[in-house]
Amino acid sequence: MSDKIDNLEAMRHSLAHITATAVQHIWPEAKFGVGPVVDNGFYYDIDLGDIKISEDDLPKIDAEMRKVIADNQTFERSEKPIDEAIDWAKQANQPYKVELLNDLKREGTTKANELTKAMMGLPAGTVGASSGIAEVGSVSFYSNGDFTDLCRGPHVESTGKVGAFRLMRVSGAYWRGDEKNAQMQRLYGVAFNTEKELRIHLEMLEEAKKRDHRKLGQELDLFFFHDTAPGMPYWLPNGVVLYNELIRFWREEHRVRGYQEIVSPLINKKELYQTSGHYDHYWEDMFTIESDEESYGVKPMNCPNAMVVFKYTTRSYRDLPLRLSDTDTLHRYEMSGTLNGLFRVREFRQDDAHVFVSEEQIKDEYKRIFEITELFYSIFNIEYSFRLGTRPDKYMGDESLWDSAEQTLKEILEESGKEYAVEEGDGAFYGPKIDIVMKDCLNRPWQMGTIQLDFQQPLRFGLKYAAQDGSEKTPITIHRVIYGSLERFIGILIEHLAGKFPVWLAPEQVRLITVNQEDATLAFAQKMLDRAVELGVRAEVDNSNESVGKKIRAAELMKVPYTVVIGEKEMAGNDLMPRIRKDLEVQPEHKAVTIEEFLNTVANEAKSRVSKTSF
RNA sequence: GCCACCUUAGCUCAGUGGUAGAGCAACGGUUUUGUAAACCGUGGGUCGUCGGUUCAAAUCCGACAGGUGGCUCCA
């Protein structure tokens, strides 16, 4: 770790501290939670009772912070034995700090200190003020001016040395992340060493807004949301092209890899979910229907139906791995506050498949699935990472089975040589999983694909196959999606490409622009359009009574890959000079081509799903 | 669901107590255009919904709906 990073860390810590200082100056009754450093900045959780901080209060807090900074107060570090610290916190009327300290006492400060040292890269056993590590049994405090806060540090020397920052927003946050606890108010800030870095960060945020998939979804006429169905997208013709092309690609690649597609009911009796176990774990998050005195659930996932399909007929070891895929529409009653454009919706489709395997086949099948993953994610050239989710608090089945399943997934990940993170307790209730995570334009992580191991549902549904030795065995199910949901994937795709889709995905691949409104010009354009349609190229004619410049601009704004102007020259038999969207260009000077060359090239590019033009 | 904020024409936005405005888009006309915005004109809004305060509400208050940023949740 370089000094600069350490300094940035200390600086952000100090700013969180200064935020608390300012809040206490303004609202002396404030009770403080925690104020950690996060990506690009810091936050502080504060309980002000009935007083609600709104964004209008930020300038006031900011001004107070800058006063403290202008004072250049020294951060005085001190240590207290844990019991004294608890007394201090009680006296200071800081119940959250008392709670933290009591927990620290229970866990032992040694462990906490060693953890801190590990984070700071210091050797074990280091203690004392110079290292910033408290003696065993003690905790550290930092004081500046009239404010003292329990804090592990490190801090900068004085309040004047904190670089550039900006308070960004305020939001609610549950104490210790548990919704059963009191809701506190969280003040967020970003902070950098220099004004310039801060400015660059803020500009980046502005740029990110331009590629927000919700904004581009509207500008490019891809989809919209409506009060009639919150959280459920209406897909417009342009968006449906994207949707269908992605599914077409998926079908082609899965068909050759032995997947067979099924379709199953969207509405199922509650008994199905009782059998699968979803009734106990998921019923509250489902849309439900009472009809003919029966209770139905709108399906939130495909697996129970896939189990039914497996059980439909006798199965043999010869059938395994049995790979059943589907893209049925799913509904989940997500909490209103969590809905977010295409990233979290209540209605969506997954590029789903359930692979039924014997225990010996798990590893090999996982490898095959990893290969598919690699293919799909490399074609879009978007960064992704793996995340292993282990047994959650709410789980089904016995622990030893979970442990061995988790071990298997770890081995698979290790063997794949890919880096991965472990998220304890993040598995599905029926088994551990490997998730593929991608980031949106604001760097927020989203779970995309997921590959889950399931020993439970096959047991619950009583799935059996005839083994080679004539015995009956229960298969294991691998649940897997590559894109994740088509909705979320399209959202990520829009943001990463800023709406500039490769030719194979572009809703409109070619726009023909007429120079004038003469009948002959229109007829010529129409003939070229007919040929394009014949070759499977998605083309449109813009014959509006506008200047060529304006029509070019319109095509450019819709991010159409190819624009061709049709006028006297073309009609006289001259070659076309297609205008190529900048990001597709391989060379600034493109060559003239005949209509046939042009349309065939576009058709081939779309078919081979290349990301650059060959003109 | 929780906290804060937002909702005015198809879109982007102005309008803070005296019965609604602009640009773009749309439509009509003039023009007949050569690679990112020709010109003139026209239509379009119960100011998210419902209720309240007031002589008077887009504007103040409340509820609800939808959305944004977080929290929580996340198969």
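This one's a predicted model, so the numbers in the text were calculated from it and none came from an experiment. A note on names: the letters A, B, ... follow the listed sequences, proteins ahead of strands, and every chain is numbered from 1.
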Proximal nucleotide (of B:U12, B:C5, B:G69) relative to the A:Asn340 side chain: B:G69
B:U42 to B:G21 separation - P atoms, rounded to the nearest Å: 15 Å
Pick base, sugar-phosphate or nothing for A:Val565, based on heavy-atom distances below 4.0 Å to the nucleic acid. base
Classify A:Ile513 by what it touches in the nucleic acid, base, sugar-phosphate, or nothing, heavy-atom distance under 4.0 Å. nothing
With respect to the side chain of A:Met335, which nucleotide from B:G66, B:G1, B:G70 is positioned closest? B:G1
Among the nucleotides B:U72, B:U31, B:A36, which one has an atom lying closest to any side-chain atom of A:Asn545? B:U31
What is the base-pairing partner of B:G62, counting Watson-Crick and G-U wobble geometry with both distances under 3.5 Å? B:C50
What integer number of Å spans the C1' atoms of B:A56 and B:U19? 9 Å
Euclidean distance, atom CG of residue A:Leu167 to atom P of B:A4 [Å, nearest integer]: 18 Å
Using purine N1 to pyrimidine N3 plus N6-O4 or O6-N4 for Watson-Crick, or N1-O2 and O6-N3 for G-U wobble, each under 3.5 Å, what pairs with B:G34? none
Hey, is the side chain of A:Arg344 poking within less than 4.0 Å of OP1 or OP2 on B:G69, counting only N and O atoms? no
With A:Asp212, which of A:Lys210, A:Lys209, A:Lys215, A:Arg214 fulfils salt bridge (charged side-chain N to carboxylate O under 4.0 Å, His left out)? A:Arg214
Across the strands shown, which category fits A:Arg444 at heavy-atom distances under 4.0 angstrom: base, sugar-phosphate, nothing? sugar-phosphate
For A:Tyr188, which contact category applies under a 4.0 Å heavy-atom criterion: base, sugar-phosphate, or nothing? sugar-phosphate
Hey, is the side chain of A:Arg579 poking within less than 4.0 Å of OP1 or OP2 on B:A36, counting only N and O atoms? yes
Return the nucleotide paired to B:C5: Watson-Crick means purine N1 to pyrimidine N3 with N6-O4 or O6-N4, wobble means G-U with N1-O2 and O6-N3, both under 3.5 Å. B:G67
With a 4.0 Å cut-off on heavy atoms, is A:Glu570 in touch with a base, just the backbone sugar-phosphate, or nothing at all? base
So A:Pro300, base contact, sugar-phosphate only, or nothing? Heavy-atom distance under 4.0 Å. base
Nearest-neighbour nucleotide for the A:Lys550 side chain, B:U35, B:C3, B:A38 considered: B:A38
In whole angstroms, the gap separating P of B:U35 from NZ of A:Lys551 amounts to 13 Å
To the nearest Å, how far apart are A:Met232 CE and B:G67 P? 10 Å
Which whole-number value in Å describes the distance from A:Glu546 CD to B:G28 P? 12 Å
Closest listed nucleotide, where the reference is the side chain of A:Ala173 and the choices are B:A4, B:G67, B:C71: B:C71
Side-chain contact check for A:Met577: nearest option of B:U33, B:C11, B:U35 is B:U35
With a 4.0 Å cut-off on heavy atoms, is A:Gly549 in touch with a base, just the backbone sugar-phosphate, or nothing at all? sugar-phosphate
Which whole number of Å gives the distance between the C1' atom of B:U54 and that of B:C40? 45 Å
Under a plain distance cut-off of 3.5 Å, with no hydrogens placed, do A:Asn305 and A:Asn268 share a side-chain donor-acceptor pair? yes
At under 4.0 Å between heavy atoms, what does A:Ser54 touch on the DNA or RNA strands: base, sugar-phosphate, or nothing? sugar-phosphate
Which part of the nucleic acid, if any, lies within contact of A:Gly231, taking any heavy atom under 4.0 Å across all strands shown: a base, the sugar-phosphate backbone alone, or nothing? sugar-phosphate
Atom CG of A:Asp56 and atom P of B:C3: how far apart are they, to the nearest Å? 18 Å
Hey, what's the ring geometry for A:Tyr483 with A:Phe489, parallel, tilted or perpendicular (30° and 60° as the breaks)? tilted
Mapping A:Tyr430 and A:Asp227 to their closest nucleotides on RNA chain B, which lands nearer the 5' end? A:Asp227
Nearest-Å distance, NZ (A:Lys209) to P (B:G69)? 10 Å
C1'-based separation of B:U49 from B:A65 [nearest Å]: 7 Å
For nucleotides B:G67 and B:U12, find the distance between their P atoms and express it as a whole number of Å. 16 Å
Would one find a side-chain N or O of A:Arg214 under 4.0 angstrom from OP1 or OP2 of B:G67? no
Quote, to the nearest angstrom, the P distance that separates B:C11 from B:U7. 14 Å
What is the nucleic acid contact for A:Gly341, judged by heavy atoms within less than 4.0 Å: base, sugar-phosphate only, or nothing? sugar-phosphate
So if I take every side-chain heavy atom of A:Arg553 and compare against B:A37, B:C71, B:G69, which nucleotide ends up nearest? B:A37
Could you give the distance separating B:C60 and B:G18 at their P atoms, to the nearest angstrom? 11 Å
Answer yes or no: are there more than 12 heavy-atom neighbours, outside A:Asp519 itself, under 6.0 Å from its atom CG? no
Please report, rounded to the nearest Å, how far the C1' atom of B:A4 is from the CD atom of A:Gln185. 8 Å
Which base sits across from B:A14 as a Watson-Crick or G-U pair, both distances under 3.5 Å? none
How about A:His213 and A:Phe343: are their ring centroids closer than 6.0 Å? yes
With a 3.5 Å limit on both atom pairs, tell me what B:U42 is paired to, counting Watson-Crick and G-U wobble, or say none. B:A26
Please state whether the phosphate of B:A37, meaning OP1 or OP2, lies under 4.0 angstrom from any side-chain nitrogen or oxygen of A:Ser547. no
Tell me whether A:Arg460 at atom CZ has more than 12 heavy atoms from other residues, nucleotides or ligands lying less than 6.0 Å away. yes
For a salt bridge (charged side-chain N to carboxylate O under 4.0 Å, His left out) with A:Glu556, tell me which candidate from A:Lys582, A:Arg511, A:Arg581, A:Arg579 qualifies. A:Arg579
Which sits closer to the 5' end of RNA chain B, A:Arg488 or A:Met184, going by the nucleotide each is nearest to? A:Met184
What nucleotide among B:C5, B:A36, B:C71 has an atom nearest to a side-chain atom of A:Tyr174? B:C71
Of all the nucleotides listed (B:A37, B:U33, B:G69), which has the minimum atom distance to the side chain of A:Gln517? B:U33
Would you measure the distance from the P atom in B:G66 across to the matching atom in B:U53 and give it in whole Å? 27 Å
Assign A:Arg332 to base, sugar-phosphate, or nothing according to its heavy-atom contacts below 4.0 angstrom with the strands shown. base
Could you tell me whether A:Glu203 atom CD has more than 12 heavy atoms of other residues or ligands within 6.0 Å of it? yes
Is the terminal nitrogen or CZ of A:Arg186 (NZ for Lys, CZ for Arg) located under 6.0 angstrom from the six-membered ring centre of A:Tyr43 and within 45° of that ring's axis? yes
pair_partner(B:C74), Watson-Crick or wobble, both distances < 3.5 Å, evaluates to none
Which is true for A:Leu330 with a 4.0 Å heavy-atom rule: it touches a base, it touches only sugar-phosphate, or it touches nothing? nothing
Pair A:Thr390-A:Glu424, side-chain donor/acceptor within less than 3.5 Å: yes
Can you tell me the distance, in whole Å, between the CD1 atom of A:Ile552 and the P atom of B:U35? 8 Å
When all nucleic acid strands are considered with a 4.0 Å heavy-atom cut-off, which category describes A:Gln218: base, sugar-phosphate, or nothing? sugar-phosphate
Of the candidates B:A38, B:C71, B:C73, the side chain of A:Arg186 sits closest to B:C71
